[in-house]
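The structure under discussion appears below in the form of structure tokens.
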There are 2 protein chains.
Amino acid sequence: MATELIGQRMTSQRKLLLEIIRDAGGHLDADELFQKAKGRDPRISLSTIYRNLNLLKELDLVAERHFVEDHHHYELKDTAEHHHLVCRSCGEVFEFNSPLTPKMTKDVEETSQFQITDIEINMQGYCPNCPRDMHQESSI
Amino acid sequence: MATELIGQRMTSQRKLLLEIIRDAGGHLDADELFQKAKGRDPRISLSTIYRNLNLLKELDLVAERHFVEDHHHYELKDTAEHHHLVCRSCGEVFEFNSPLTPKMTKDVEETSQFQITDIEINMQGYCPNCPRDMHQESSI
DNA sequence: GTATTTATTGCGAATGCTTTGCATAAGCAA
DNA sequence: TTGCTTATGCAAAGCATTCGCAATAAATAC
Ligand SMILES: [Mn+2]
Ligand SMILES: [Mn+2]
Ligand SMILES: [Zn+2]
Ligand SMILES: [Zn+2]
């Protein structure tokens with residue numbers, strides 16, 4: 001576990017949150033994390049969840065995902081790079097990793113002259129179990 | 001102009017909002033649109049902006065972008081498909097379009113068995129005018 | 001082990017963005 | 001023009017996230 005990497009105080013709340021994120025296997029939002037944490041430490045507060053999520057983001061231990069929603073989802077960052085595909089109907093999240101990503105990044109770096117630090121690719125669609133909307137054409 | 005495509009009543013507020021989005025050339029958020037609209041119709045309300053943005057999204061006339069922020073940005077959808085690169089320092093938005101995107105989409109469709117309807121690619125980095133953070137390695 | 005220091009917590013209140021309820025206004029079809 | 005109904009403005013509510021502050025508890029020094 002990466003718990004030793006934190007350069008600040010290792011509080012019980014911090015340890016707990018990291019454990020929960022690790023065990024959940026990704027894509028939980030702040031409130032889901034809070035509910036799980038309360039199950040093990042009923043006195044924990046939602047502010048503590050948010051404060052520690054921000055810390056874990058800065059330490060690069062946790063990634064914040066911005067799906068097409070008004071709140072965010074979190075997952076451990078130590079896993080291999082990957083991107084996300086979310087079902088518009090049931091919400092299932094599929095992870096993928098494409099060898100084209102580094103090429104695209106390099107291309108964009110060259111044409112834009114930006115130094116790129118991060119990519120987030122979010123696709124939406126209908127999973128094999130969900131009824132497709134026949135009037136919705138692929139916009140790609 | 002696509003104003004005739006709307007299947008509902010063509011109110012002055014709707015026409016105004018669409019004009020502002022078209023003329024602005026993209027990437028404005030709801031409040032920026034509201035401010036510009038107020039300049040031309042001082043009685044317009046922010047609710048009207050949001051209600052019409054939602055309508056224009058449904059009609060596929062406007063795209064909502066989810067940069068790494070807690071609010072959204074809007075742009076006309078009738079332009080060619082493209083994606084975004086935002087400077088972490090000054091906020092400049094660079095648009096790009098990669099021929100690799102359709103390939104990647106096809107790949108993901110095959111391995112996932114999803115029917116993909118939308119892709120959003122958001123990159124972050126440092127633009128040519130902004131000081132780079134030397135400790136920040138490309139995570140790609 | 002105890003004291004000291006100071007980061008962190010819990011709580012409540014505040015903030016920022018977006019949606020909603022409702023009475024009034026204004027499109028639109030006849 | 002009338003009448004039906006959608007859309008608007010306004011104020012209030014709803015969510016997600018952050019902040020202020022007094023109390024708590026890690027870490028460190030004795
Ligand atoms: Mn993931
Ligand atoms: Mn754009
Ligand atoms: Zn599904
Ligand atoms: Zn810049």
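First the proteins, then the strands, lettered A, B, ... as listed; each starts at 1. Predicted model, so just to flag it, every value in this text is computed and none were measured.
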Review point. Any ion pair linking A/E120 and A/R65 (charged N to carboxylate O, less than 4.0 Å)?
Key: no
**Study point:** Ion pair check, B/D118 and A/R88, cut-off under 4.0 Å
**Key:** yes
Check your understanding: Is a side-chain N or O of B/D29 found less than 3.5 angstrom from the main chain of B/Y74, in a donor-acceptor match?
Key -> no
Review point. Does the B/T48 side chain pair with the main chain of B/I44, one donor and one acceptor, at a distance under 3.5 Å?
Key: no
Point to revise | C/dC11 OP1/OP2 closer than 4.0 Å to side-chain N/O of A/R43 | key: yes
Exercise for review: Would you check if there is a donor-acceptor pair between the side chains of B/E95 and B/H83 at a distance under 3.5 Å?
Suggested key: no
Practice item. Decide if the gap between the ring center of B/F67 and the ring center of B/H84 is smaller than 6.0 angstrom. Key: yes
Study note, to complete from the structure: Comparing B/D31 with B/Q13, nearest DNA chain C nucleotide closer to 5' gives the residue B/D31
Check your understanding: For A/K57, does the NZ atom sit with more than 12 other heavy atoms under 6.0 Å from it, leaving out its own atoms?
Key -> yes
Study note, to complete from the structure: Taking for B/D70 and for B/N52 the nucleotide of DNA chain D with the nearest heavy atom, the one nearer the 5' end belongs to B/N52
Study note, to complete from the structure: Tightest non-hydrogen contact, residues B/S89 and B/C130, listed as OG-SG, 3.5 Å
Review point. To the nearest Å, how far apart are A/L16 CG and C/dT9 C1'?
Key: 14 Å
Practice item. Send over the distance from B/F34 CZ to C/dT19 P, rounded to a whole Å. Key: 15 Å
Below 3.5 Å between N/O atoms, which protein atoms pair up with nucleotides 28-30 of chain C? Just atom names and distances, please.
unit_1, atom_1, unit_2, atom_2, d
C/dC28, OP1, B/M10, N, 2.7

Identify all pairs in which a protein N or O lies below 3.5 Å from an N or O of nucleotides 20-23 of chain C, and state each distance.
unit_1, atom_1, unit_2, atom_2, d
C/dT20, O4, B/S47, OG, 3.0
C/dG21, O6, B/R51, NH1, 3.4

Exercise for review: Taking heavy atoms of chain A and a 4.0 Å limit, find me the 5'-most and 3'-most nucleotide of DNA chain D within that range.
Suggested key: D/dA16 to D/dA27
